[in-house]
Amino acid sequence: MELSPYYEKQMDCIQCKKKFKTTKVRTKSLKIAASDFDFRPIYENDVNGYFYNVFVCEHCGFAFTDDFSTYFKPGANDLIRQKITDKWVHHDFSGERTAEQALQTYQLALVSGQLKDEKHVTLAGLSLRCAWIYRTLNKKEAETRFIHLARDQYISSFSTGDYASSNMTEIRICYLVAVLSRQLGDRDQAIRYFSTIIEQQRQSNETKIIEMAKDAWQEMRDQQ
């Protein structure tokens, strides 16, 4: 019998501390064929890994990812209870997720993260993945809206340096700001951040991203 690509995992909610179940994807089941300009993975099969990054507590409605910190600033818990938990209708997001269900979890995590005052880099990642899912659903206007949100949060992350304790690097942040700005038609912002990458190429070992930035920058110059 073939092993399911999905498995169940028990989680502790970082907000209400209650236990709930979530669905994860076995790493060996993820087969990436290619990736988009903003790193969206394109899978060979129907198993979409990033659909399962968000954990939604069925008890209180708080949604989070592994990138969320466990620290809640004073007053945040009360605000979350008021804005989310008190209005929460029990829903279980365990099991296989459709694109629409995955989008629900990301948007809930984005609201949760904003109320909790999560880092810009975390909110940027959530916004970007909302854009990815809207791209999958061919909803261009909504995709553009979330690309804009992601770009602005990445700029704030770069300015404040709050990405330092994440798995993101300065080069990767700059690249995303540049390509998302280019996608939005903000040429000046794109060139500014592509230039930042090229200026720092000697100090970085992220050669693939640097080459991608150089190619994109040259394309923009040729188009002008």
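None of these values were measured; they are calculated from a predicted model. All heavy atoms count here, side chains included; hydrogens, waters and symmetry mates do not.
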Under 3.5 Å, which donor-acceptor pairs do the side chains of residues 76-83 form with other protein atoms, sequence neighbours left out?
from, atom 1, to, atom 2, distance (Å)
Asn77, ND2, Gln15, OE1, 2.8
Asp78, OD1, Arg81, NH2, 2.4

- Message: Restricting to ring pair (Phe, Tyr, Trp, His ring centres under 6.0 Å), what partner residues turn up for Phe158, sequence neighbours left out?
- Response: Tyr193

Show me the donor-acceptor pairs within less than 3.5 Å that the side chains of residues 202-213 make with the rest of the protein, sequence neighbours left out.
from, atom 1, to, atom 2, distance (Å)
Ser204, OG, Glu206, N, 3.0
Glu206, OE1, Thr169, OG1, 3.1
Glu206, OE2, Thr169, OG1, 2.8

- Message: Could you go through Ser112 and Glu118, starting from their C-alpha distance and side-chain angles, then the distance that decides it, and tell me whether this counts as side-chain contact (heavy atoms from CB on, under 4.5 Å)?
- Response: CA-CA 9 Å; Ser112 298; Glu118 266 296 332; over 6 Å; no

- Considering non-hydrogen atoms only, spot the tightest contact between Val56 and Gly61 and give its length. CG1-O, 4.4 Å

- Message: Restricting to ring pair (Phe, Tyr, Trp, His ring centres under 6.0 Å), what partner residues turn up for Tyr52, sequence neighbours left out?
- Response: Tyr6

- Only counting residues at least two apart or in another chain, list the ones meeting ring pair (Phe, Tyr, Trp, His ring centres under 6.0 Å) with Tyr7. none

- Item | ring-ring contact (aromatic ring centres under 6.0 Å, His included): pairs with one or both residues in residues 196-224, sequence neighbours excluded | none

- What pairs with Arg192 under side chain to side chain donor-acceptor pair (under 3.5 Å), at least two apart in sequence or on another chain? Gln189

- Query: In terms of side-chain heavy atoms, does Ser157 have a donor or acceptor partner in Asp162 at a distance below 3.5 Å?
  - Reply: yes

- Could I get the full list of ring pair (Phe, Tyr, Trp, His ring centres under 6.0 Å) partners for Tyr106, not counting sequence neighbours? none

- Query: Looking only at heavy atoms, which two atoms of Cys60 and Ile84 are closest? And how far apart?
  - Reply: O-CG2, 3.7 Å

- Item | side-chain hydrogen bond (donor to acceptor under 3.5 Å, both in side chains) pairs, two or more places apart, involving residues 120-130 | His120-Gln153

- Item | Pairs flagged by side-chain hydrogen bond (donor to acceptor under 3.5 Å, both in side chains) wherever residues 170-186 is involved - sequence neighbours left out | Arg151-Ser181, Arg151-Asp186, Tyr163-Glu170, Glu170-Gln200, Arg182-Glu219

- Task: Can you sort out the partners of Asp36 under salt bridge (charged side-chain N to carboxylate O under 4.0 Å, His left out), two or more places apart, ordered by chain and number?
- Result: Arg40, Arg135

- Between the side chains of Ser165 and Lys119, does any donor sit under 3.5 Å from an acceptor? yes

- Report yes or no: is the cationic atom of Lys214 (NZ for Lys, CZ for Arg) under 6.0 Å from the centre of the six-membered ring of Phe194, at an angle within 45° of the ring normal? no

- Does Asp66 have any side-chain contact (heavy atoms from CB on, under 4.5 Å) partners at least two apart in sequence or in another chain, and if so, which? Lys24, Phe55

- Task: Taking the six-membered ring for Trp and the full ring for Phe, Tyr or His, determine whether the centres of Phe93 and His91 are under 6.0 Å apart.
- Result: yes

- Message: So which atom in Ala150 and which in Leu128 form the shortest heavy-atom distance, rounded to 0.1 Å?
- Response: CB-N, 3.7 Å

